[in-house]
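Below is one structure, written out as structure tokens; the observations come after it.
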Amino acid sequence: MMIHEEICVGCGRCHPYCPTAAIRYSGLKSAIDQDICYECSTCLRAAHCPVDAIAESPNVFDYPRALRRYFSDPSSTHAATGIQGRGTEESKTNDVTRRCGPKQIGVAIEIGRPTLGMSLLDIQKITRAIARAGVHKIEPHNPIHSMIANEATGDLKPEMLGERVLSAIIEIQVERDQLRGILRTLKEVAKEVDSVFCIDAFTVVEPGLKIPEEVLEIIRAEGLTWRPNAKINMGLGRAWE
Amino acid sequence: MTHSLHREGNLDSLERDYVLFIYPARGFNYKGSAPKVRRLVELLYQVGPVNMIPTSLRRNMYSGVKPEEILESITVDGTRVYSVFNDREKLKKALIALKEADVGISIMVSGIIDRVRDISAELGIDPHMVNLSLGIHGRTDRLPPADIREFTTMCGHGVVSPHLVKDMIRRVKTGKVSEWDGSVLLAEPCTCGIYNPCRSAELLREKAPLYTIDRW
């Protein structure tokens, strides 16, 4: 994003809207730090500049900077997947797709969330750690998959590493007996990154929304806990195509 | 993904915050889904969500869009709908309506697991899968304070800025906006439409007295 200096009246109204505090005063006018800006377009969409000084950067869709827009603006359609959003349908349609079976666990690593975002260099630390743990298959419909240069090592395409995104999701699927190893890996790599990520674990439940005790025991064994609120697939879907 | 499983806050506050998604599955029930999704949205409107957005029209209920515009935008197969309800009984009524409609589109609910379990048992619904939040990891020292995150995590993509929340607390405290108007302003950046302005107004009422502000 950019602010036309000749139009800006320096009211500062847009400053608090930026999730990453990239809008600051430069003299008496507001300006956007291009290194920090995620191209999420929140300032353009919601700040209602009284003089319409906020605009798209001319290079917003240049590769690799375009990654910032695709991953950070929720309303943008990702070029690699053709859908909006940073993840896939994952648990949301599993009652129909059955992608994750009863003995498998889906794990999603919500990168940069909440709010902080993350550099691609840090994301690569996570993809490499997952690869070292023996998981080489990131969900193929997830946009992160298209950024992997080497599945065996988890290396991302090198030209992307200077970019940063407000959020991204790495989705993998493991057998139950692999879950503990992955959780341990994520706890370790959390010490290496300069930002945050959230961990999601999704599993098919037993009748009565009973979470399999074996899964909970694995989570406890790694010293983790789960929030009292969760996302629940109500099991009302069915396929017809 | 809307991050809705990571909404922060105490249990009392989360009791008034349930997110409901309508989600066709690509390759399984996409084709012909648009009229079914539209029907479900009509049913949701009768229950009274506090926010809602279809992916066909990325404008939430507080952006000046009329309910008819939301419904008329749902013409493309695969349109997904995100909505929020601010109490358990409304969620229950919504689920009764969706179950009776029986259109076969996946429905997700984000909320307190025990409450969703109770409602499911009451309605004879057998949930299929749970997505658990195992917390935030890494440089948690860089995060905004927990009370600010209660607002910001209502927008999963992180575009409700912690700085805007602090600014809104200042504006409420100085009488420049009401808690409700401030919450509608906070909801605006959230294009996935799951920011709960009712809960946000409660939070502004609760937090504003705790903050010291510069009157300038």
Side-chain angles (χ1 to χ4, degrees), chain A residues 16-19 21 40 42 45-46 74-75 84-87 89 91-97 110 113-116 166-167 169 186-187 190 193-205 207-209 211 219 224-241, chain B residues 1 3-7 11 14 21 23 25-31 55 58 95 98-99 104-113 116-117 120-121 125-140 142-144 149 152-153 157-159 161-164 167 188-189 191-192:
Chain A
Y17 280 86
C18 179
C40 69
T42 302
R45 196 173 52 241
S75 60
Q84 294 171 336
R86 278 105 294 276
E89 293 166 4
S91 62
K92 294 192 272 288
T93 56
N94 201 71
D95 53 344
V96 175
T97 64
E110 299 198 35
R113 293 177 175 182
T115 306
L116 290 187
L166 188 53
S167 66
I169 303 171
L186 293 174
K187 279 167 56 187
V193 296
D194 191 36
S195 185
V196 291
F197 57 82
C198 294
I199 304 176
D200 310 350
F202 46 97
T203 177
V204 173
V205 292
L209 188 45
I211 304 166
I219 294 169
L224 298 173
T225 53
W226 54 95
R227 292 190 57 77
N229 46 326
K231 192 187 280 186
I232 296 153
N233 181 317
M234 300 304 288
L236 297 175
R238 60 178 176 272
W240 61 66
E241 283 184 35
Chain B
M1 184 101 143
H3 197 69
S4 55
L5 64 162
H6 301 283
R7 287 159 99 91
L11 276 176
L14 292 171
F21 304 93
Y23 226 96
R26 192 178 286 265
F28 292 85
N29 57 20
Y30 242 48
K31 285 181 190 164
T55 53
R58 284 268 177 183
L95 286 171
L98 299 184
K99 186 185 176 214
I105 308 275
S106 295
I107 305 294
M108 299 282 296
V109 171
S110 281
I112 299 170
I113 302 169
V116 179
R117 183 184 290 119
S120 302
I125 293 174
D126 210 6
H128 166 70
M129 176 170 258
V130 67
N131 190 349
L132 297 169
S133 162
L134 306 189
I136 311 169
H137 302 266
R139 290 285 309 274
T140 50
R142 290 185 56 202
L143 289 169
R149 295 204 306 271
T152 59
T153 55
H157 296 99
V159 295
S161 157
H163 316 289
L164 187 62
D167 187 53
E188 189 168 0
T191 58
C192 48

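Each chain gets a letter, A, B and so on, in the order the sequences are listed, and its residues count up from 1.
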Hey, what do you get for [atom1] ([X]) to [atom2] ([Y]), rounding to the nearest 0.5 Å?
| X | Y | atom1 | atom2 | value |
| --- | --- | --- | --- | --- |
| E110(A) | L134(B) | CD | CG | 10.5 Å |
| N29(B) | W240(A) | CG | CH2 | 4.5 Å |
| I107(B) | L236(A) | CD1 | CG | 6.0 Å |

With respect to L132(B), which candidate in I211(A), I199(A), T225(A), N229(A) satisfies the side chain to side chain contact (heavy atoms under 4.5 Å, CB included) definition?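 One option only clears the test, and that one is I211(A).
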Contact part of [X] toward chain A, heavy-atom cut-off under 4.5 Å: side chain, backbone, both or neither?
| X | result |
| --- | --- |
| I112(B) | both |
| I125(B) | side chain |
| D126(B) | both |
| R149(B) | side chain |

Chain B contact via [X] - which portion, at a heavy-atom distance below 4.5 Å:
| X | answer |
| --- | --- |
| I219(A) | side chain |
| L224(A) | side chain |
| T203(A) | both |

Tell me the closest heavy-atom pair linking [X] and [Y], and the distance in Å.
| X | Y | result |
| --- | --- | --- |
| P127(B) | V205(A) | O-CG2, 3.3 Å |
| P74(A) | T191(B) | CB-OG1, 3.3 Å |
| V196(A) | G138(B) | CG1-C, 4.3 Å |

For a 4.5 angstrom cut-off between non-hydrogen side-chain atoms, does [X] reach [Y]?
| X | Y | result |
| --- | --- | --- |
| H163(B) | C18(A) | no |
| F197(A) | H137(B) | yes |
| L116(A) | L143(B) | yes |
| R45(A) | V159(B) | yes |
| K231(A) | M129(B) | no |
| V204(A) | H128(B) | yes |
| H6(B) | D200(A) | yes |
| R117(B) | I232(A) | no |

Single hit among D95(A), N233(A), T93(A) for side chain to side chain donor-acceptor pair (under 3.5 Å) with S106(B):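 Per the side chain to side chain donor-acceptor pair (under 3.5 Å) rule, the option paired with S106(B) is D95(A), out of D95(A), N233(A), T93(A).
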Among [options], which has the most heavy-atom pairs under 4.5 Å with chain B?
| options | answer |
| --- | --- |
| A230(A), G237(A), G208(A) | A230(A) |
| C198(A), G235(A), A46(A) | C198(A) |
| P228(A), A190(A), P19(A), P16(A) | P16(A) |

At a heavy-atom distance under 4.5 Å, which candidate from [options] has the highest pair count against chain A?
| options | result |
| --- | --- |
| G158(B), A121(B), S133(B) | S133(B) |
| V116(B), V109(B), L95(B), D167(B) | V109(B) |
| E188(B), R139(B), K99(B) | R139(B) |

Under 3.5 Å, side chain of R227(A) to main-chain N/O of R7(B), donor-acceptor pair present?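 At least one qualifying donor-acceptor pair exists.
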